[in-house]
Amino acid sequence: HRESLQRQNGIVVGVKDENSNLKAAAFFVWTGKRVILLFTASDLSSRIRWMALLLDHCIAYDAGKERIMDLEGGNESDLARFYSGFGAKEVVYLHVKRNNLPFWIRWMK
């Protein structure tokens, strides 16, 4: 994260309560036309949904720009449901798994 902050393609955004206590924070990086949410943290002790407030603000700030906001982490059903409340759409990322072990070991697996 330090590298992206130095290159000015990363930002930490936070939400504070009326007493200036940090209640939620998120770390975003961007590349080209994609803004990626990499990390979040929030105070869960309150009934106020701090992370929802933070994400709502970030989405409103970015609205109208020709970028995609990638919220990542939607593999968890609760998180995917939370993000869908903001209009998120599921995207499947495919990956290739290559096994370079010798044939006789691969056969045993």
Side-chain angles (χ1 to χ4, degrees):
H1 75 285
R2 186 174 297 153
E3 181 72 23
S4 63
L5 293 174
Q6 288 175 348
R7 290 180 186 219
Q8 297 183 347
N9 68 338
I11 189 169
V12 177
V13 181
V15 174
K16 295 181 178 181
D17 67 8
E18 64 277 356
N19 297 319
S20 294
N21 297 313
L22 184 63
K23 294 296 184 176
F27 177 60
F28 293 91
V29 294
W30 57 88
T31 177
K33 294 188 179 225
R34 183 174 294 270
V35 178
I36 305 165
L37 174 62
L38 288 183
F39 181 77
T40 63
S42 64
D43 179 358
L44 300 176
S45 65
S46 171
R47 292 189 345 188
I48 297 174
R49 299 225 167 203
W50 295 105
M51 189 53 63
L53 181 66
L54 185 143
L55 288 177
D56 187 59
H57 175 74
C58 291
I59 291 168
Y61 176 80
D62 221 44
K65 297 178 180 147
E66 291 187 32
R67 300 197 278 211
I68 294 171
M69 184 173 285
D70 187 343
L71 299 175
E72 292 204 334
N75 292 341
E76 296 180 32
S77 60
D78 289 341
L79 196 53
R81 188 171 31 260
F82 175 70
Y83 289 154
S84 71
F86 295 98
K89 293 180 174 66
E90 183 178 348
V91 176
V92 176
Y93 291 95
L94 303 176
H95 69 278
V96 175
K97 188 173 182 181
R98 187 173 181 177
N99 187 338
N100 288 328
L101 294 172
F103 170 75
W104 59 275
I105 294 176
R106 280 186 284 168
W107 179 75
M108 291 173 36
K109 285 185 102 178

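Here the straight-line distance linking atom CH2 of W30 with atom CE of M69 works out to 10.5 Å at 0.5 Å rounding. In this structure, CG in L37 is found 10.0 Å from CZ in F27, a value given to the nearest 0.5 Å. The CD1 atom of I36 lies 11.0 Å from the CZ atom of F28; values are rounded to the nearest 0.5 Å.
Closest non-hydrogen pair, M51 versus S42, comes out as CE-CB, 3.9 Å. Summarising the geometry of A26 relative to L54, their closest heavy-atom pair is CB-CD2, 3.6 Å, with the distance given to 0.1 Å. Here the shortest heavy-atom pairing between D43 and W50 reads O-CD1, 3.8 Å. Closest of all the heavy-atom pairs between V13 and C58 is CG1-SG, 3.9 Å.
Heavy-atom neighbours of K33 NZ from other residues, nucleotides or ligands within 6.0 Å: at or below the threshold of 12.
Side-chain contact check for V15 versus H57: every heavy-atom pair is 4.5 Å or farther apart.
For the side chain to side chain contact (heavy atoms under 4.5 Å, CB included) with V35, the lone residue among I68, D62, N9 that qualifies is D62.
Hydrophobic clustering (ILVMFWY, side-chain heavy atoms < 4.5 Å, transitive): L22 and L38 are in distinct clusters.
The backbone N or O of N21 sits nowhere less than 3.5 Å from a side-chain atom of N19 that would complete a donor-acceptor pair.
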